[in-house]
Structure formats: C-alpha cells, structure tokens
Amino acid sequence: MLKNWEMAFYYNIVKYNHKKGGQIIEIMEVAILASGRGSNFQSIIDASNRGELPNANVKLLIVNNKEAYAIERAKNNNIPYYIVESENKKRTDFDLEMLEILNKNKIDIIVLAGFMRILSKQFVNKYKNKIINIHPSLLPLFPGAHAHRETIKAGVSESGCTVHFVDHGVDTGPVIMQKTVAINKNETEKTLAEKILPLEHQIFPIALNLLTSQKLRINEGKVTIEAD
Ligand code: GRF
C-alpha cells in the first residue's frame, strides 16, 4: 500500500513525465459535462481510443440529469460519472457542487458536450480559457438553444458548427474552429441537425487536442493555432 506522499509522487510522475517516442508530454485531466444523448462525448472517447488525444485523459463525466444517455456511454467505457441534478437548484449552488468534483479530481480542462446549462461567472472565472463548447451554428450567428430552428427561419444558404472557448456570454467566446454545410431549399430543422452533427464529431476532438497540447493562443478575442 502506497503512503500519501508516495501517491502524490507517483501521480506527478504519471501526469508530467508520460513519455512518447522519447519525448516528455504533459497530460491534461479532462472533464466532460453533458445533459443528454452524448454523441459528442462519444466522439471524444473514440478519438482518445484511436490515440488522437495524446495529451488528454478523459477523467470523468458530469451530467445534470439522471436520464442523460451520456451516462451509458461513460459506463460502457469505464469512465467515472457524477450526476449533479440541476433542477430546482440555484445556479451558484449547482456550480459549487460541480467545482467540488472538478477540484477533487484535479481537472485541467472542461468540455461542454451538449451541456444545456449556463455556467455562473464564478465558475467561468475559475476555469478561464480552459472550457470549450460545441455549438451547431456558425457563431456569432444563431447562439442559444434553438440554433437549427433560427438558421432555417433566417433563410441563410449555409450553416455549420463551431468549437469555441466559453466566456461570460451565451455562445460568445473566442472561436477555435468551424466547419460549414450548405443549406438546401427543402432543408428542415431535423435534416440540418443530422447534417451538422457528424461535422461536430469531427472538429470537437481536433480542437480539444489543440487545447490539451497547448497549441491555442488567444489574442484580443481571437484564437491562433501555433505551428508544430
Ligand atoms: C449538439 O448538437 C451540440 O452542438 C449542442 O447540443 C447537441 C448535443 O448533442 N450543443 P450530443 O448530446 O452531443 O449528442
């Protein structure tokens, strides 16, 4: 049985001295926050299993409702999960409960994968430039919970998805990556959502990899990607 200080020592070795091809790489502990289906969560698990997230350890999932299918995905992949019910709870209390879990697990990066809650100012400040979100529109167009509906209603000819840093607004933070799709004449909210989702699954893990491998810089609200 290891003593506490030995555990801490071991933990640091694992965290900071993971070696790949003779090169020392830093591993970031990642928490996923989700509210429902969790297909974006799955895309991150799959990318990680394919070795496409060498600097990320998907450490845990937090859901804010116990019916979220994301829980099944966590179980199937042996990822610890926490249910923090948000109903009838003050935003700050809910966020404090989550912060406790995140602190306890030494989480570095937070990924909002279909997480349908707005985070408090205190929460966002605590993880400044360490929280990313996926949104099914070309931000800054059509932020909020009804992106597909509003896109169709506006009659625009293209849409897509955006990975962005989370700031104090709703879907307003610096844009990391986008992918576009054309909108057909007969497009519906449903067909548009089906068209955009696979693109979300493509760019979310790529953006997460750039973040965990410390390649993203933010300058005056704009994101740049550092070359290798
Ligand atoms: C996705 O369309 C995402 O862009 C939006 O919510 C949806 C979540 O889907 N924020 P899933 O739970 O990841 O399948």
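Atoms within a ligand are numbered from 1 in the order they appear, just like the ligands themselves.
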Discussion item. Please determine whether a side-chain nitrogen of the Lys or Arg among Glu72 and Lys75 lies less than 4.0 Å from a carboxylate oxygen of the Asp or Glu.
Written reply: yes
Worksheet entry | Residue and atom name of the nearest protein heavy atom (relative to atom 9 (O) of ligand 1), distance in Å to one decimal | Arg37 NH2, 3.0 Å
Response to the item:
So for Glu200 against ligand 1, with non-hydrogen atoms under 4.0 Å, the contacting part is side chain
Response to the item:
The closest protein heavy-atom partner of atom 12 (O) of ligand 1 is Gly38 N, 2.8 Å
Worksheet, complete the sentence: heavy-atom search around atom 6 (O) of ligand 1 in the protein gives Gly114 CA, 3.7 Å
Worksheet entry | N or O pair under 3.5 Å between Asn133 and ligand 1 | no
Pairs under 3.5 angstrom only: tabulate donor-acceptor contacts from the side chains of residues 123-136 to other protein residues two or more places apart or in another chain.
residue : atom : partner : partner atom : Å
Asn125  : OD1  : His168  : NE2          : 2.8
Asn125  : ND2  : Lys121  : O            : 3.4
Lys126  : NZ   : Asn103  : OD1          : 3.4
Tyr127  : OH   : Ile107  : O            : 3.4
Asn133  : ND2  : His164  : NE2          : 3.1
Asn133  : ND2  : Asp171  : OD1          : 3.2
His135  : ND1  : Asp171  : OD2          : 3.3
His135  : NE2  : Ser137  : OG           : 3.3
His135  : NE2  : Phe142  : O            : 2.7

Worksheet item: Less than 4.0 Å between a side-chain N and a carboxylate O, is that true for Lys222 and Glu220?
Response: no
Fill in: Donor-acceptor under 3.5 Å (Asp93 side chain, Lys89 main chain)
no
Fill in: Closest protein heavy atom to atom 10 (N) of ligand 1, given as residue, atom name and distance to 0.1 Å
Ile134 O, 3.1 Å
Discussion item. Treating Asn55 as the side-chain partner and Glu26 as the backbone partner, does any N or O pair qualify as donor plus acceptor under 3.5 Å?
Written reply: yes
